[in-house]
Colleague: 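Just dropping this structure here.
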Amino acid sequence: KTYSEKMKTILIPTDFSKGAENALVYAIALAKKENAKIILLNAYHITYFVTEFTGKTDTQIVDEMEVSVNKNLQSLCQIISKKKKVKCEYISKYALAVDGILDAIRKKKPDMVIMGTKGASGVKEIFIGSNTARVIEKARCPVIAVPQGASFKGIRQITFAMDYHESDIHAMKKLVEIAKPFNAKITVLHASNEELLRDAEEIGMERFKNLVSRKIKYNKISFQVVYGKHLEKVLQ
């Protein structure tokens with residue numbers, strides 16, 4: 001099967017923020033390239049502060065939020081369908097953001113999730129935001145995290161950082177599906193903290209390269225080992 005036959009659905013979580021809007025623009029461009037369908041998702045919930053402030057019951061507030069969210073989703077979906085010519089549907093869930101996204105992934109089984117990033121909440125999530133990090137960790141499909149300032153200009157080059165795990169081959173197969181329609185180059189990168197001798201690292205990479213050549217048929221893959229004590233800095 002070709003990549004376009006496989007990739008049929010992209011799930012786009014949105015909170016109607018600037019970051020989510022930018023991720024949606026990216027997703028629409030990718031969906032048009034692949035003739036894929038978009039599913040918009042908004043997960044909403046209330047806090048006790050809101051209940052106390054408005055004087056309304058939980059049920060009243062949830063009902064009002066559901067109406068408002070669905071109205072916004074419907075309007076956004078119509079724009080995507082009519083103006084962008086991309087098939088679109090939407091769902092709303094009363095849930096915390098990550099829980100709602102993971103539940104939608106289980107039920108809708110999208111081929112990919114594309115979502116925006118937000119501010120950091122600690123060193124571990126400094127680059128992608130806590131919600132996005134949790135979705136990436138638990139999702140059973142590829143997740144593209146789109147920084148707020150990033151724009152879609154096609155996909156020309158992909159760097160895949162790996163550590164010789166068996167799961168890296170599975171990940172690369174998914175990656176090739178994304179790269180093929182764009183004829184994009186893939187650089188397989190291993191970052192070494194120099195605990196092993198460089199000769200040993202090069203042998204490890206050569207073995208992985210041979211494994212990839214047997215398992216994956218794509219002629220635009222290159223391999224590289226980089227060295228440094230601080231892996232995050234080396235990768236950057």
Side-chain angles (χ1 to χ4, degrees), residues 1-7 10 22-23 25-27 29-34 36 110-117 120 123-129 132-133 135-236:
K1 289 185 177 180
T2 64
Y3 177 66
S4 58
E5 287 173 330
K6 290 181 179 179
M7 185 175 177
I10 303 174
N22 188 59
V25 171
Y26 192 101
L30 185 58
K32 291 180 79 168
K33 175 77 175 178
E34 300 304 331
D111 299 281
M112 178 183 293
V113 175
I114 299 180
M115 59 191 298
T117 60
V123 175
K124 189 175 180 181
E125 294 86 30
I126 191 72
F127 293 112
I128 57 178
T132 310
V135 171
I136 289 172
E137 182 181 0
K138 296 181 179 296
R140 295 299 179 185
C141 65
V143 179
I144 291 183
V146 183
Q148 192 159 325
S151 59
F152 185 86
K153 298 176 181 177
I155 298 175
R156 297 184 296 274
Q157 185 162 315
I158 300 170
T159 298
F160 176 62
M162 63 84 196
D163 203 20
Y164 306 125
H165 294 304
E166 186 176 340
S167 60
D168 290 331
I169 294 294
H170 174 72
M172 281 198 64
K173 289 179 179 178
K174 292 286 186 182
L175 203 58
V176 166
E177 291 178 4
I178 297 172
K180 272 186 177 179
F182 297 92
N183 202 29
K185 298 177 182 178
I186 298 175
T187 300
V188 177
L189 183 72
H190 175 69
S192 169
N193 59 9
E194 300 186 285
E195 287 184 359
L196 296 177
L197 294 174
R198 294 200 174 195
D199 286 348
E201 291 285 12
E202 297 295 339
I203 290 171
M205 179 59 89
E206 189 64 27
R207 287 175 177 171
F208 188 78
K209 180 179 178 180
N210 292 336
L211 180 61
V212 169
S213 67
R214 294 198 304 269
K215 299 281 188 179
I216 299 171
K217 302 303 177 186
Y218 189 60
N219 62 5
K220 289 207 166 188
I221 303 176
S222 61
F223 300 81
Q224 182 181 1
V225 181
V226 291
Y227 299 90
K229 296 293 183 183
H230 302 288
L231 295 183
E232 292 85 355
K233 290 183 179 179
V234 172
L235 289 171
Q236 286 296 318

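The chain is numbered in sequence order, starting from 1.
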Colleague: I'd like to check the side chain to side chain contact (heavy atoms under 4.5 Å, CB included) partners of Lys220; sequence neighbours left out, ordered by chain and number.
Modeller: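 Asn183, Lys185, Tyr218.
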
Colleague: Does the side chain of Leu211 reach to within under 4.5 Å of the side chain of Arg214, using non-hydrogen atoms?
Modeller: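 With C-beta onward as the side chain, the pair touches.
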
Colleague: Could you tell me the separation between the CG atom of Asp168 and the CD atom of Glu166, rounded to the nearest 0.5 Å?
Modeller: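 Result: 10.0 Å between the selected atoms.
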
Colleague: Specify the closest pair of heavy atoms between Pro110 and Cys141, including all atoms of both residues, with the distance to one decimal.
Modeller: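 Scanning both residues completely, I find the closest heavy atoms to be O-CB, 3.7 Å.
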
Colleague: I need the Glu177 CD to Asp111 CG distance, nearest 0.5 Å.
Modeller: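 Interatomic distance, Glu177 CD to Asp111 CG, rounded to 0.5 Å: 8.5 Å.
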
Colleague: Could you tell me which non-hydrogen atom of Val234 sits nearest to which non-hydrogen atom of Gly228, and how far apart they are?
Modeller: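 It is CG2-CA, 3.5 Å.
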
Colleague: Quick one: side chains of residues 155-165, donor-acceptor pairs under 3.5 Å with protein atoms, not counting sequence neighbours, listed by atom name and distance.
Modeller:
unit_1 : atom_1 : unit_2 : atom_2 : d
Arg156 : NH1    : Lys153 : O      : 3.0
Asp163 : OD1    : His190 : ND1    : 3.4
Tyr164 : OH     : Glu201 : O      : 3.4
Tyr164 : OH     : Met205 : N      : 3.3

Colleague: Might you point out which heavy atoms bring Pro181 and Ile178 nearest each other, and give the distance in Å?
Modeller: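 Shortest heavy-atom separation between Pro181 and Ile178 comes out as CD-O, 3.4 Å.
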
Colleague: Please find the pair of heavy atoms, one from Ala150 and one from Asn22, that lie closest to each other, and give the distance.
Modeller: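 Shortest heavy-atom separation between Ala150 and Asn22 comes out as O-ND2, 2.8 Å.
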
Colleague: For Arg140, which residues count as a side chain to side chain donor-acceptor pair (under 3.5 Å) partner, sequence neighbours excluded?
Modeller: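 Applying side chain to side chain donor-acceptor pair (under 3.5 Å) to Arg140 gives none.
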
Colleague: Checking Arg207 now: which residues fulfil salt bridge (charged side-chain N to carboxylate O under 4.0 Å, His left out) with it, not counting sequence neighbours?
Modeller: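 Scan of Arg207 (salt bridge (charged side-chain N to carboxylate O under 4.0 Å, His left out), adjacent residues dropped) gives none.
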
Colleague: Can you tell me how far the NZ atom of Lys215 sits from the NZ atom of Lys173, to the nearest 0.5 Å?
Modeller: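 So the gap between those two atoms works out to 6.0 Å.
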
Colleague: Under the side-chain contact (heavy atoms from CB on, under 4.5 Å) test against Phe223, which residue among Thr187, Ile186, Leu189, Val212 passes?
Modeller: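 That would be Val212; it is the only one of Thr187, Ile186, Leu189, Val212 passing the side-chain contact (heavy atoms from CB on, under 4.5 Å) with Phe223.
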
Colleague: Mind listing the closest non-hydrogen atom pair of Thr132 and Ala145 along with its distance?
Modeller: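 What the structure gives for the nearest pair is CG2-CB, 3.7 Å.
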
Colleague: Which distance, rounded to the nearest 0.5 Å, do you find between the OG of Ser167 and the CE of Met172?
Modeller: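 That separation rounds to 12.5 Å.
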
Colleague: Nearest 0.5 Å, what's the CD1-CD1 distance between Ile144 and Ile10?
Modeller: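 Output value for this atom pair is 8.0 Å.
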
Colleague: Who are the ring pair (Phe, Tyr, Trp, His ring centres under 6.0 Å) partners of Tyr26, not counting sequence neighbours?
Modeller: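 By the ring pair (Phe, Tyr, Trp, His ring centres under 6.0 Å) rule, Tyr26 matches Phe152.
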
Colleague: Enter the distance from Ile216:CD1 to His170:NE2 here, rounded to the nearest 0.5 Å.
Modeller: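 Output value for this atom pair is 10.5 Å.
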
Colleague: With Gln224, which residues qualify under side chain to side chain donor-acceptor pair (under 3.5 Å), at least two apart?
Modeller: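 With neighbours one apart ignored, the set is empty.
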
